[in-house]
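Structure first, commentary second.
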Amino acid sequence: MKIQKGELQLGRFLVPYRVYGESNKTIVCISGAKQTMAAWRSFVSHFVADYSVVLFDLPGQGRAVILEGSPAASFQEQQDVLLGVIQATNRDEKVVLAAASWGTIVSAAIAASHPKLVDKMILGSFGVKPNQEILSVIHQGKTLYDEDRLDQIAPLMIKSFGQQIPDSQKRQIVEQFGNMDREQFMSFYEHCVFVEQCDHIEEYIELSKIEAKTLIISGEHDAILDHQGIRDAAKRISDCVYKLVPGAGHFLHWEQPDILHTYRKFLST
C-alpha cells in the first residue's frame, strides 16, 4: 500500500502523521489519551483498500513535539490540531472520523463546530461524564505521579479497564508508558485533572449541532463509562445509532476484532 509520511506544524506543536492508501474517501483516526498511531494498525489493514486512512499523534503523546509553552495541550488546542490534520490530509469534500476513548470527545467537538466538514463519525468508548470508577483511577494515578511511582501507572490502567485486551497490547501499553518522559507524564496528569473537573461534555460541546451520521459504540463491561449518560447523549445527536457490544470492555476492536465489521457496515449505509 502507498504510505505518505510527514509532519505538520500546528500552532506550538509538531504533529507527525501517516496517510495509508490512495482513495479519495478519507478516514481520520483519533486516538485515546496516551495512545499512539500504533493503536490503529488493524483498523488500517481493514479499511485501506477502500479509504485513505489518516493516523497522527496528538500533542503530548507518541512522536508529537511541543515546541514551546506548557507541556499540556488544552482541549481547544487539541481541537485545533485535529482540524489542522483534517484540512491537510482530507482528499474529499467531507471526512469520516473514527475515534476511541478521549479521542471521541475531540472528534465530537469538531463535528459540532464544523458540521459541514464531517460526513460520518464512529465514537468508540464515548464518555460523556466521569463515573466513580474513572474518578477512582484518576485519583490513584495522580497519587502515583505525586509519589514518583510512574512505572505503576500503566499496570493500574490495565487492571482497571484493560484486563480483556490481549497480552501483546498490555505489553505495548507498559512499554509506551515506560518510554514517556517527565513532560509527557505532566501532560497526562493535566489531562486527568481536566477529565476529573468536567461534569458533562455538554459544558464544552453542543451535541445537537452535530450533523454527521454517527455510530456510538460501547463495550458491555466497560467500567469507566456512564452507559445511561451515553444513551441520553446519543439522543441529542440528530442522526445517531447507539450500539452496546456484549462481552467487550473499553478497548473494543483490540478485544474483539470483529467489531471492525460493525464499523464497515455502518460506513456502508
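When a residue number appears, it is its place in the shown sequence, counting from 1.
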SB check Glu196 Lys142 (cutoff 4.0 Å) = yes
Side-chain donor-acceptor pair present, [X], [Y], cut-off under 3.5 Å:
| X | Y | answer |
| --- | --- | --- |
| Gln4 | Tyr20 | no |
| His227 | Ser218 | no |
| Thr143 | Glu147 | no |

What do you reckon, are the aromatic ring centroids of [X] and [Y] less than 6.0 Å apart?
| X | Y | result |
| --- | --- | --- |
| His253 | Trp40 | yes |
| Tyr189 | Phe185 | no |
| His221 | His250 | no |
| Trp254 | Phe43 | no |

Search all heavy atoms of [X] against all heavy atoms of [Y] and return the closest pair with its distance.
| X | Y | value |
| --- | --- | --- |
| Arg91 | Glu22 | NH1-CA, 3.3 Å |
| Tyr242 | Ala234 | CB-CB, 4.2 Å |
| Pro130 | Cys198 | CD-O, 3.0 Å |
| Leu55 | Val44 | CD1-CG2, 3.8 Å |

Worked verdict on Phe126 versus Trp102 for ring pair (Phe, Tyr, Trp, His ring centres under 6.0 Å) = CA-CA 7 Å; Phe126 179 50; Trp102 170 253; over 10 Å; no
ask   = Are Ser136 and Gln140 close enough, and set up right, to give a side-chain hydrogen bond (donor to acceptor under 3.5 Å, both in side chains), and what steps lead you there?
value = CA-CA 6 Å; Ser136 174; Gln140 294 176 67; 3.1 Å; yes
[X] side, atom [atom1]; [Y] side, atom [atom2] - distance, nearest 0.5 Å:
| X | Y | atom1 | atom2 | result |
| --- | --- | --- | --- | --- |
| Gln61 | Phe56 | CD | CZ | 8.5 Å |
| Lys2 | Ser52 | NZ | OG | 9.0 Å |
| Gln87 | Leu8 | CD | CG | 10.5 Å |

Quick check: does any side chain N or O of [X] sit under 3.5 Å from a backbone N or O of [Y], one acting as donor and the other as acceptor?
| X | Y | result |
| --- | --- | --- |
| Gln197 | Phe194 | no |
| Thr104 | Ala100 | no |
| Asp226 | Asn131 | no |
| Gln35 | Ser101 | no |

ask   = When Ile27 is tested against each of Val54, Leu97, Leu267 for side-chain contact (heavy atoms from CB on, under 4.5 Å), which residue passes?
value = Leu267
